[in-house]
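Each remark here refers to the structure printed beneath this line.
Numbers restart at 1 for each chain; the letters A, B, ... are given by sequence-line order, proteins then strands. Note that the structure is predicted; figures quoted are calculated from it, not measured. We use all heavy atoms of the structure for the numbers below, so side chains are in, but hydrogens, waters and symmetry mates are not.
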Amino acid sequence: MSETRLMKGNEALAEAAIRAGCKGYFGYPITPQSEVVEYLAEEGRQRGMVVMQVESELAAINMVYGAAGAGARVMTSSSSPGISLMQEGLSYIACAELPCLIVNVNRGGPGLGTIQPSQGDYFQATKGGGHGDYHLIVLAPASVQEMADFVYDGFDIADKYRNPVMILADGALGQMMEKVVFKEYTPAEHIPPKPWATVGKPPTRERNIITSLFIQPEKMETINIGLQAKYQRVRENEIRYELVEADDAEVLLVAYGLSSRICKKVVELARQQGLPVGLLRPITLYPYPYEILQELSERISSVLVVEMNSGQMVEDVRLGINGKVPVGFYGRMGGVIPSAEEVLHKVIEMFDRVELKHVEEEYHA
Amino acid sequence: MPETFPLDHLECVWEKPDTLTETRFHYCPGCGHGVVHKILMEAVKELGIQGDTIGVAPVGCSVFAYHYMDVDMQEAAHGRAAAVATGIKRVLPEKYVYSYQGDGDLAAIGTAETIHAANRGENILVIFINNAIYGMTGGQMAPTSIIGMKTSTTPEGREIATQGFPFKITELIAMLPGAYYVTRQSVHTPNAVRSFKKAVLKAFQAQKEKRGYCLIEVVSNCPSGWKLTPVDANKWMEENMFPVYPIGDLKVEGKLGERMFTQVTKN
Ligand SMILES: Cc1ncc(C[n+]2csc(CCOP(=O)(O)OP(=O)(O)O)c2C)c(N)n1
Ligand code: SF4
């Protein structure tokens, strides 16, 4: 049975967590995502969830570690400065292979920065973030609907791989109100049982140990190899992206999250002017859709990456394009959201340059 | 060994509890950690709660506590054991949950997690090994190092002006309404061991009755870090640590003892 509601992104996410059977939430308030803990404090508790506002994000992520290690479906949420504090715990969680959901409603930084939306945490989210060789699986919603849907998916993927999953949103997605349809949550069939959880040792089995400590280098390397093999499986199976008018595009926009919404508008405006512009919107930021970029690079003449940061995902786009066509970047920082018009302006400039190139080529011929 | 030693005609007067694994302790000779492990696991056995107990190991010399304790265990990041224990307890409220932590773990890097778990009245048991030094990293100053104590980072002895005072976190925690049972013990004599065991049994009983947070500090030794023989270490501990960290109950059944007030004001 599905239900349609008008909600803020943060609230939709919280509601979806309850519906997905999340058993515990541990968090610390920070703008622009405090609605998550507030919503859960009322709705979640009433519906049987453990919901704790605790002393710090450091404590919160370690409670997630403990509760996830005890086999419970649990989550936390925060915004950039709080997510920085959680990096220690995330590294331990990744190594101990504990499934859980972390939500980062990204705000502008560095430092205390601004409470306005940003995509400045892309590197931190996708490249590890804490110490050691590990990855979170990162989902980037672009609507209130996806803020909810990706909670269902995030929990399932986390369980499937015994890996922490991050939803990387931003302040605008957290705060905006949109219609959201809550489908009935049915767990994916592949959700494995958790025989490894520390729930108390019956006489019939050896004790379970949740740890990230492997003092012998050979043993540690075996663990590393295991993690890398898992990330390989994740790369093979979990890549998600959306293509908009990409078939005949000459200029390809690449953007995720809020920037991708703006870029959709840009595609529309450009097409009205007869300019063949398309959009690739990565949905999983780790694993990253390099292959489709490679494929597209055979057909397009240039790429414009649009981000709300100084240029982070653009590095991955360059890896995917691998020098085949020029890759441009347009970004706003500090919590400023780029307008469709300014991006369009940039796109038109690129077409001019492309045409120039054609002229030059003709001339030389 | 057992093959060559004729055991058949001997009467068994001591056995390690089967709640301890067969793995040999890696602790230095004379170190208190091993005794505390054994007593803790004896209590778990006597109470018959092995299958319902989850332990949390710290970062410190007892980082491998889960090699020895035959219960489900989690290894916490340095200082975060109280938070990890909270996470476990909140989703498994009917199970027994304890953390086992050193003074650096509990009273330096993990101070916030420690105090807040106590203040919430988290229904867990915290075993706190106070050896006044960082054993694992090679004998640096701990928050509980006593005034004048020589460590590798206080070669001239800990001085108040630059390093502050020995941190009596147990007294601090006893003051919190969430703390139900707070006691300071040692394990350097048979009597002390018996008293410690009673404390552990009492704390697990309190947890069963959902009374709230229990803290057992064990004033312990670190012969290696202190650079003393085990016998001298225990003597040094009695003479120098007990005056700063007096043995006894600070809070029982949620009520502060008389002693608590005199001790806090005296030191
Ligand atoms: C974040 C972090 N900082 C520092 C360390 C290094 N470290 C390991 S154990 C330890 C101190 C342990 O001392 P204590 O808690 O008193 O336990 P003991 O070894 O004396 O039993 C330190 C500083 C670490 N593992 N993690
Ligand atoms: S270094 Fe100290 S605390 Fe660590 S095992 Fe040796 S004696 Fe015990």
Side-chain angles (χ1 to χ4, degrees), chain A residues 22-26 28 48-74 76 85-93 95-96 98 100 130-131 195-215, chain B residues 18-21 23 26 44 48-59 63-97 99 109-120 122 124 136:
Chain A
C22 178
K23 201 168 168 201
Y25 172 94
F26 307 89
Y28 188 86
M49 237 174 110
V50 172
V51 181
M52 286 181 75
Q53 178 184 334
V54 301
E55 63 268 29
S56 71
E57 289 86 352
L58 216 51
I61 194 69
N62 283 285
M63 290 175 190
V64 167
Y65 177 104
R73 176 168 271 198
V74 289
T76 183
L85 263 185
M86 291 186 189
Q87 293 305 323
E88 177 198 42
L90 286 174
S91 171
Y92 283 71
I93 285 173
C95 189
L98 301 177
C100 58
H131 60 284
W196 44 264
T198 59
V199 292
K201 173 192 117 65
T204 46
R205 69 155 164 82
E206 293 283 295
R207 69 194 181 288
N208 283 340
I209 297 165
I210 302 291
T211 187
S212 65
L213 174 67
F214 306 97
I215 212 95
Chain B
D18 59 9
T19 40
L20 279 177
T21 66
T23 311
H26 70 282
V44 166
I49 58 173
Q50 183 182 16
D52 295 309
T53 301
I54 297 119
V56 180
V59 177
V63 69
F64 282 128
Y66 55 77
H67 283 183
Y68 315 121
M69 300 176 179
D70 195 13
V71 292
D72 277 2
M73 287 196 78
Q74 294 196 20
E75 168 61 45
H78 194 21
R80 318 287 171 234
V84 171
T86 298
I88 300 170
K89 186 70 183 187
R90 290 293 180 119
V91 297
L92 299 173
E94 302 309 320
K95 306 283 169 163
Y96 296 86
V97 178
S99 77
I109 194 166
T111 309
E113 288 81 0
T114 301
I115 300 266
H116 283 279
N119 193 51
R120 284 190 303 266
E122 214 58 62
I124 57 173
M136 190 197 211

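Two residues are said to be in side-chain contact when any heavy atoms from C-beta on lie closer than 4.5 Å; B:Tyr66 and A:Leu213 meet this criterion. Looking at heavy atoms from C-beta onward, A:Trp196 lies in side-chain contact with A:Ile210 at the 4.5 angstrom threshold.
With a 4.5 angstrom heavy-atom cutoff, A:Ala59 touches chain B via backbone and side-chain atoms both. In this structure, no portion of A:Ala60 lies under 4.5 Å from any heavy atom of chain B. Only the side chain of B:Phe64 comes within contact range of chain A, judged by heavy atoms closer than 4.5 Å. Looking at A:Tyr92, the atoms closer than 4.5 Å to chain B (heavy atoms on both sides) all sit in the side chain, from C-beta outward. With a threshold of 4.5 angstrom between heavy atoms, A:Val199 approaches chain B through its backbone and through its side chain.
In terms of the side chain to side chain contact (heavy atoms under 4.5 Å, CB included) criterion, residue partners of B:Ala118 (sequence neighbours excluded) are, by chain and number, B:Ile173, B:Leu176, B:Tyr213. Looking at residues two or more places apart in sequence or on another chain, you find a side chain to side chain contact (heavy atoms under 4.5 Å, CB included) between A:Lys201 and A:Arg205, A:Arg207, B:Gln50, B:Asp70, B:Asp72.
The side chain to side chain donor-acceptor pair (under 3.5 Å) contacts involving residues 49-62 of chain A comprise A:Glu55-B:Arg120, where partners must be two or more places apart or lie in separate chains.
In terms of modelled atom types and a separation under 3.5 Å, the side chain of A:Ser91 and the main chain of A:His131 share a donor-acceptor contact. With hydrogens and angles ignored, the 3.5 Å screen pairs a side-chain donor or acceptor of A:Tyr65 with a backbone N or O of B:Glu75.
Taken to the nearest 0.5 Å, the OG1 atom of A:Thr211 stands 9.5 Å off from the CD atom of B:Gln74. Interatomic distance, CD1 of A:Ile93 versus CD1 of A:Ile61, reported as 4.0 Å (0.5 Å rounding).
Among the residues in residues 109-116 of chain B, those with a non-hydrogen atom closer than 4.5 angstrom to a non-hydrogen atom of chain A are B:Ala112, B:Glu113, B:His116.
Counting all heavy atoms, side chain and backbone alike, A:Cys100 lies closest to A:Ala68 at CB-CB, 4.5 Å.
In terms of heavy-atom pairs under 4.5 Å with chain A, the best-connected choice from B:Asn119, B:Val97, B:Leu92, B:Val59 is B:Leu92. Taking A:Leu58, A:Val50, A:Val54 one by one and counting their heavy-atom pairs under 4.5 Å with chain B, the maximum is reached by A:Leu58. Most heavy-atom pairs under 4.5 Å with chain A, from the set B:Lys89, B:Met69, B:His78, B:Arg90: that is B:Arg90.
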